[in-house]
Amino acid sequence: MELAGLEQLAEQYGGVLYAFCNQLTGSRQEGEELYQETFLKAVELHRQIDAVQNPKGFLVAVAARLWRNRRRKYAWRQRIAPMGQWDEQEEQQLTQTYCNNPEELALQWEQQRLVRQAVSELPDKWKLPVYMYYTVGLSIEEIASLLRIPTGTVKSRLYKARKVLKEKLEVSWNEK
């Protein structure tokens with residue numbers, strides 16, 4: 001793919017990729033950095049992008065690899081010289097402003113917060129397929145090829161993640 005085609009990819013898939021990066025990192029600032037790094041890496045790898053062979057999946061895979069590498073580096077640095085916790089708390093925003101009832105809006109916001117928190121606590125091997133499936137909208141086959149694992153593994157990871165999330169959310173919601 002030519003460099004000019006990257007601009008079209010940014011316009012076409014930029015919003016989805018931005019949301020994926022924010023979900024993956026758990027914070028807007030980290031998400032923006034990951035988003036920018038992803039497109040910088042895409043410029044570097046532009047010859048490998050095939051406009052016909054799922055360019056959205058290619059960009060998501062690049063973002064996921066960069067995120068994993070960043071996490072690995074951070075964990076290694078923490079073992080050598082602990083510097084405090086990595087802030088994974090997303091800035092609290094009310095994204096659904098169409099609600100007129102403040103009580104309904106508060107309940108909706110609390111549900112979203114609980115879901116985001118529960119997903120962020122999942123192991124990375126479950127978290128990535130969940131974000132790719134629900135945030136980006138990739139199929140199981142696309143996730144399998146991007147993560148280089150069998151489709152059955154993707155299905156089982158999604159199943160296990162849903163099961164754990166259901167249990168966590170039922171407990172969390174019953175406590176409230």
Side-chain angles (χ1 to χ4, degrees), residues 9 12-28 30-35 37-39 41-42 45 48-79 85-90 95-96 107-176:
L9 286 181
Q12 194 170 11
Y13 304 119
V16 172
L17 185 64
Y18 183 77
F20 176 72
C21 290
N22 282 336
Q23 289 289 322
L24 199 57
T25 60
S27 88
R28 174 173 281 159
E30 292 285 324
E32 287 176 0
E33 288 177 17
L34 180 60
Y35 177 77
E37 282 181 49
T38 301
F39 274 105
K41 194 64 155 175
L45 302 173
Q48 295 178 16
I49 300 173
D50 186 0
V52 180
Q53 292 280 341
N54 194 6
K56 176 174 76 170
F58 181 86
L59 294 172
V60 168
V62 167
R65 274 188 236 115
L66 289 171
W67 177 74
R68 275 194 215 139
N69 289 341
R70 185 185 289 178
R71 294 279 304 241
R72 245 182 269 133
K73 286 178 187 176
Y74 178 79
W76 181 252
R77 289 179 184 144
Q78 282 294 91
R79 275 185 245 136
Q85 293 298 317
W86 188 36
D87 184 24
E88 289 195 26
Q89 294 297 321
E90 185 174 3
T95 56
Q96 309 249 346
L107 284 173
Q108 205 169 33
W109 181 81
E110 181 65 14
Q111 285 176 339
Q112 289 176 0
R113 188 190 66 74
L114 287 172
V115 170
R116 279 194 298 267
Q117 180 182 356
V119 172
S120 73
E121 293 171 356
L122 289 173
D124 290 346
K125 69 179 187 179
W126 295 351
K127 189 186 314 185
L128 275 174
V130 167
Y131 285 144
M132 289 178 163
Y133 189 78
Y134 291 105
T135 303
V136 181
L138 295 176
S139 70
I140 290 173
E141 291 78 19
E142 290 171 326
I143 295 169
S145 71
L146 295 175
L147 296 178
R148 298 179 183 133
I149 56 177
T151 56
T153 304
V154 174
K155 289 178 184 178
S156 72
R157 288 180 182 180
L158 284 172
Y159 173 78
K160 289 174 186 175
R162 281 188 215 115
K163 187 176 176 182
V164 168
L165 288 172
K166 181 181 177 191
E167 291 169 3
K168 280 185 179 184
L169 292 172
E170 284 176 350
V171 169
S172 295
W173 198 249
N174 289 333
E175 289 176 356
K176 300 291 175 182

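For clarity, every value in this text was computed on a predicted model and none was experimentally measured. In what follows, every heavy atom counts, from backbone to side chain, and hydrogens, waters and symmetry copies are set aside.
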Exercise. Do other residues, nucleotides or ligands put more than 12 heavy atoms under 6.0 Å from Tyr133 OH?
Worked result: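 No, the 6.0 Å shell around OH holds no more than 12 heavy atoms from other groups.
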Exercise. Is any side-chain N of the basic residue among Glu121 and Lys127 closer than 4.0 Å to the acidic one's carboxylate O?
Worked result: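 A salt bridge is absent here (no side-chain N lies under 4.0 Å from a carboxylate O).
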Exercise. Any ion pair linking Glu142 and Lys56 (charged N to carboxylate O, less than 4.0 Å)?
Worked result: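 No, this pair does not count.
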Minimum heavy-atom distance between [X] and [Y], given as atom pair plus value:
| X | Y | value |
| --- | --- | --- |
| Gln23 | Tyr131 | O-OH, 3.0 Å |
| Pro55 | Tyr13 | CG-CE1, 3.9 Å |
| Asn22 | Gly31 | OD1-CA, 3.3 Å |
| Ala63 | Leu17 | CB-CD1, 4.1 Å |
| Thr151 | Ile140 | O-CG2, 3.8 Å |
| Ala118 | Lys168 | O-NZ, 4.0 Å |

Going from [atom1] on [X] to [atom2] on [Y], what distance comes out if it is rounded to the nearest 0.5 angstrom?
| X | Y | atom1 | atom2 | value |
| --- | --- | --- | --- | --- |
| Arg71 | Leu66 | CZ | CG | 14.0 Å |
| Ser120 | Leu24 | OG | CG | 11.0 Å |
| Arg65 | Thr38 | CZ | OG1 | 10.5 Å |
| Leu165 | Leu122 | CG | CG | 4.5 Å |
| Leu146 | Phe58 | CG | CZ | 10.0 Å |
| Trp67 | Asp124 | CH2 | CG | 3.5 Å |

Problem set entry | Leu147 vs Lys125, side chain to side chain contact (heavy atoms under 4.5 Å, CB included): CA-CA, chis, key distance, verdict | CA-CA 10 Å; Leu147 296 178; Lys125 69 179 187 179; over 6 Å; no
Exercise. Taking C-beta and beyond as the side chain, do Arg70 and Leu34 meet within less than 4.5 Å on heavy atoms?
Worked result: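 Contact flag for Arg70/Leu34 side chains = yes.
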Exercise. When you check the side-chain N and O atoms of Tyr18 and Glu32, is any donor under 3.5 Å from an acceptor?
Worked result: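 Checked: Tyr18/Glu32 side chains pair up, N/O donor to acceptor below 3.5 Å.
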Problem set entry | Val154/Met132 under side chain to side chain contact (heavy atoms under 4.5 Å, CB included): CA gap, chis, key distance, verdict | CA-CA 11 Å; Val154 174; Met132 289 178 163; over 6 Å; no
